[in-house]
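See below for the structure under consideration.
Just so it is clear, the values below take in all heavy atoms, side chains as well, and ignore hydrogens, waters and symmetry mates.
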Amino acid sequence: MTSDVTRPAAAAGPAAAPYLNLLVTMVMFGSAFASSKVVVEAMPHQMAAALRFGGGGVLLIVLAAVLRRRSAPIGRTAAVRAGLIGLLGVLAYNFFFFWGLSLAPALDGSIIVPVLSPILTTATLLMLRRERASWVRVVGLLVGLAGATVFLLGAGTDTTGTKRLLGDLVFVAGAACWAAYSVLSKSLLAGIAPLRATAWGTAVGGLGLGVLAAPTAGDVAWSAVPGLAWANVVFLAVGPTAIAYLFYYRGLRSVSASTATVMMFTVPVFGTFFSTVFLGESFTGTQLTGTVVMLAGALLAVLGNTLIERTTGLRWSADRQADRQADRQADRQAEEVS
């Protein structure tokens, strides 16, 4: 009798582990906005980005070296591809990310980037015909973009006025960079162990950020940088960069990409919590409305086909089924490589 009871309980632990890994990742991602805001208030945004990903890149390289037996070595061609992706997903994205934080509240970034990025990614995949469109997904895109417009209008009516609006537009540019990174990385990084690709891309992107930050080094009164800012630099390199990526890839080994996408929508929740509690930031009423509309549109745009299948029992054509089977096969191959 005892063994019958304990076996399911024991099985529940491993079954829940991937979701716990992803949850840790989302908490880390959400905390990065408020933590980065503390750093950009103490130094130029270029230097803040370089310090975060310089340290994060080193830690990821160490992790990749420690776990090298679990993945195949990265070749020269693959290293070049990973480096190019790093210039987009690390250099370009974080240049806009930290620039936006120097102009607008962290709260705005924690909403715009993780919610608008999937919308832009889905729109790009549909335009390139790499995914099938449905009326639900198209409506979701339109609703999401409408929500983003309302959110930006709300930023313009805030007491900080033009500065906050400009920062939010910079966040939009960062979201576009992340969307492009998401689209290109799937093809350019196919067959490369995820941790090695991430370590290499982060290192190359971090070097690029260092080059951009070098001219600002003389403008920093290093002795006057508060200890709290340095503590957040260390936290950003360790938590939202190295640990977050490691837990993310551990979670993806057992959880579907669609499930991981849904969990990504918890990032605004955690980001809002940290920005409100630790920085005292707040929304305007218009921005709150835009957030709700944008989040609803993002869910429809990303998961529209799945929602139709689960609620109506409908299935797509044989071509659609073949595409989904090919995606599953690609996911399995990536898991085997990692």
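Residues R52 and T241 form a side-chain contact, since some pair of their non-hydrogen atoms from C-beta on lies under 4.5 Å apart. With contacts defined as side-chain heavy-atom distances shorter than 4.5 Å, the pair T272/F33 does not qualify. Residues F151 and D108 meet the side-chain proximity criterion, which asks for heavy atoms closer than 4.5 Å. Side chains of P114 and F29 form no contact here, defined as non-hydrogen atoms less than 4.5 Å apart. A heavy-atom distance below 4.5 Å is not found between the side chains of S35 and F278. Residues P118 and M264 have side chains not in contact (no heavy-atom distance under 4.5 Å, counting atoms from C-beta outward). With a 4.5 Å cut-off on side-chain heavy atoms, M263 and Y19 count as touching. Proximity of F283 to I111: side-chain heavy atoms (C-beta onward) are separated by under 4.5 Å at one or more points.
Following chains of ILVMFWY side-chain contacts shorter than 4.5 Å, one can reach I85 starting from F97, so the two form part of one hydrophobic cluster. In this structure, V234 is a member of the same hydrophobic cluster as L59, with clusters built from ILVMFWY side-chain heavy atoms closer than 4.5 Å. No single ILVMFWY cluster, assembled from side-chain heavy atoms under 4.5 Å apart, contains both V138 and V143. Under the 4.5 Å side-chain heavy-atom criterion for ILVMFWY residues, a single connected hydrophobic cluster contains both Y93 and V40. Two different hydrophobic clusters hold V269 and F247 under the rule that ILVMFWY side chains link at heavy-atom gaps under 4.5 Å.
Nearest heavy atoms, A48 versus V39: CB-CG1, 3.5 Å. When all heavy atoms of I119 and L141 are compared, the closest pair comes out as O-CD2, 3.3 Å. Across all their heavy atoms, D168 and A104 have their closest contact at OD1-CB, 3.6 Å. Counting all heavy atoms, side chain and backbone alike, A106 lies closest to L279 at CB-CD1, 4.0 Å. Minimum heavy-atom separation, L212 to Q46: O-CB, 4.2 Å. The minimum heavy-atom distance linking M47 with A213 is given by the pair CE-O, 3.5 Å.
Formation of a donor-acceptor pair under 3.5 Å by the K37 side chain with backbone atoms of L101 is found in this model. Looking at S110, its side chain does come within 3.5 Å of a backbone N or O of L107 through a donor-acceptor pair. Formation of a donor-acceptor pair under 3.5 Å by the E41 side chain with backbone atoms of V38 is not found in this model. With W200 contributing its side chain and A79 its backbone, the two residues share a donor-acceptor pair below 3.5 Å.
Going from atom CE of M294 over to atom OG1 of T149 covers 9.5 Å, rounded to the nearest 0.5 Å. A distance of 9.5 Å separates OG1 of T216 from CE of M43, quoted to the nearest 0.5 Å. Here the CG-NE2 distance, from L209 to H45, works out to 11.0 Å after rounding to the nearest 0.5 Å. In this structure, OG1 on T124 lies 6.5 Å from CG on L128, to the nearest 0.5 angstrom. Atom-to-atom distance recorded for T122:OG1 and L300:CG is 11.0 Å, nearest 0.5 angstrom. Rounded to the nearest 0.5 Å, atoms CZ (F270) and CE (M26) are 9.0 Å apart.
Around atom CH2 of W178, more than 12 heavy atoms belonging to other residues, nucleotides or ligands sit under 6.0 Å away.
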Handout entry: side chain to side chain contact (heavy atoms under 4.5 Å, CB included) between R76 and R81, worked out
Key = CA-CA 9 Å; R76 181 179 300 178; R81 297 204 307 267; over 6 Å; no

Practice task
With side chain to side chain contact (heavy atoms under 4.5 Å, CB included) as the test, would you mind laying out the steps for T25 and I243 before giving the verdict?
Solution key: CA-CA 8 Å; T25 299; I243 291 178; over 6 Å; no

Practice task
Evaluate the side chain to side chain contact (heavy atoms under 4.5 Å, CB included) criterion for residues V293 and V150: first the C-alpha distance (whole Å), next the side-chain angles of each, then the deciding distance (0.1 Å), finally the verdict.
Solution key: CA-CA 9 Å; V293 174; V150 172; over 6 Å; no

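Under the side chain to side chain contact (heavy atoms under 4.5 Å, CB included) criterion, T202 pairs with F53, L60, V90, T198, not counting sequence neighbours. The side chain to side chain contact (heavy atoms under 4.5 Å, CB included) search around A229 returns A42, V225, P226, not counting sequence neighbours.
Aromatic ring orientation, W222 versus W230: parallel (interplanar angle below 30°, classes split at 30° and 60°). Taking the six-membered ring where the residue is Trp, W99 and F96 present parallel rings, their angle staying beneath 30° rather than reaching 60°.
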